[in-house]
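Just so we're clear, the structure is a prediction, and the values are computed from it rather than from any experiment.
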Amino acid sequence: MQIGRFFRRVVRAVVPPLAFLSISGYFGWNATQGDHGMQAYQQQLGLLEQAKQARTDALAEQNAWKRRVNGLRENTLDTDILDERARAMLNMANRNDVVIPYDRRDPLF
């Protein structure tokens, strides 16, 4: 009986603190490594920064396109510049235009 009593005393002395330590360890590990822990929080902050950067890039691109579209409105469009650019891009000339050939080494402007 002495051994049984000793065994029960040891179990009563060891099991509750061991259970408490294991539960504390479980919650401590999840607080740092789990799905909602500190590392996951840092990853979410990184994703947030990437999303903010993507939003900034998208707004910049949207503003650039707005400027380009506003430049094509009828009241802001200069017909002479449009005609000049169209001829330069299509490599065409009007029959009344004077064409002056230049050497390839000479700059145009």
Side-chain angles (χ1 to χ4, degrees):
M1 273 225 232
Q2 294 267 346
I3 293 176
R5 231 187 235 164
F6 177 74
F7 184 70
R8 274 186 268 153
R9 284 172 79 193
V10 169
V11 169
R12 284 183 185 162
V14 172
V15 170
L18 185 63
F20 176 73
L21 285 176
S22 62
I23 290 172
S24 298
Y26 173 77
F27 284 117
W29 185 85
N30 274 324
T32 58
Q33 308 292 329
D35 291 339
H36 302 288
M38 287 185 247
Q39 286 184 353
Y41 178 69
Q42 292 300 323
Q43 290 174 351
Q44 291 296 323
L45 287 179
L47 290 175
L48 178 64
E49 288 301 318
Q50 289 177 358
K52 284 181 180 179
Q53 183 62 40
R55 180 181 181 270
T56 304
D57 294 342
L59 287 174
E61 185 177 355
Q62 183 182 23
N63 288 335
W65 277 105
K66 280 183 182 178
R67 278 194 310 274
R68 292 181 78 179
V69 168
N70 285 335
L72 294 174
R73 302 234 185 264
E74 188 175 340
N75 55 356
T76 60
L77 194 60
D78 188 8
T79 56
D80 291 335
I81 293 175
L82 178 63
D83 186 50
E84 178 184 342
R85 283 302 302 153
R87 288 174 193 235
M89 291 180 77
L90 296 173
N91 199 17
M92 298 180 73
N94 192 356
R95 65 174 62 182
N96 294 331
D97 286 345
V98 177
V99 177
I100 302 172
Y102 65 94
D103 193 13
R104 288 184 182 262
R105 291 171 283 153
D106 293 338
L108 291 176
F109 31 79

**Message:** Tell me which pairs pass side chain to side chain donor-acceptor pair (under 3.5 Å) where either residue lies in residues 10-25, with sequence neighbours left out.
**Reply:**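 Sorted pair list comes back empty.
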**Prompt:** What are the two closest heavy atoms between Gly34 and Ala40, and how far apart are they?
**Reply:**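 So the minimum-distance heavy-atom pair works out to O-CB, 3.9 Å.
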**Rounded distance [0.5 Å steps], NZ in Lys66 versus CD in Glu61** =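 The distance works out to 12.5 Å.
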**Message:** Just verifying a value: how many Å separate Asn30 CG and Phe27 CZ, rounded to the nearest 0.5 Å?
**Reply:**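 Rounded to the nearest 0.5 Å, the CG-CZ separation comes out at 8.0 Å.
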**Prompt:** Does Asn70 CG have over 12 foreign heavy atoms under 6.0 Å away?
**Reply:**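 Yes, the 6.0 Å shell around CG holds more than 12 heavy atoms from other groups.
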**Message:** For Leu90, is the CG atom crowded, meaning more than 12 foreign heavy atoms sit under 6.0 Å from it?
**Reply:**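 Result for CG/Leu90: enclosed.
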**Message:** Quick check: is Ile3 connected to Phe6 through a chain of hydrophobic side chains (ILVMFWY, heavy atoms under 4.5 Å apart)?
**Reply:**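 Unlinked, Phe6 and Ile3 end up in two clusters.
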**Asked** What about Phe7 and Val15, same hydrophobic cluster or not, with Ile/Leu/Val/Met/Phe/Trp/Tyr joined at side-chain heavy-atom distances under 4.5 Å?
**Response**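 Same hydrophobic cluster.
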Check: residues 47-58 side-chain donor-acceptor pairs under 3.5 Å, at least two apart:
unit_1, atom_1, unit_2, atom_2, d
Gln53, NE2, Asp57, OD1, 3.0
Thr56, OG1, Lys52, O, 2.9

**Asked** Quick one: side-chain contact (heavy atoms from CB on, under 4.5 Å) partners of Leu45, sequence neighbours excluded?
**Response**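 For Leu45 the side-chain contact (heavy atoms from CB on, under 4.5 Å) partners, ignoring immediate neighbours, are Tyr41, Gln42.
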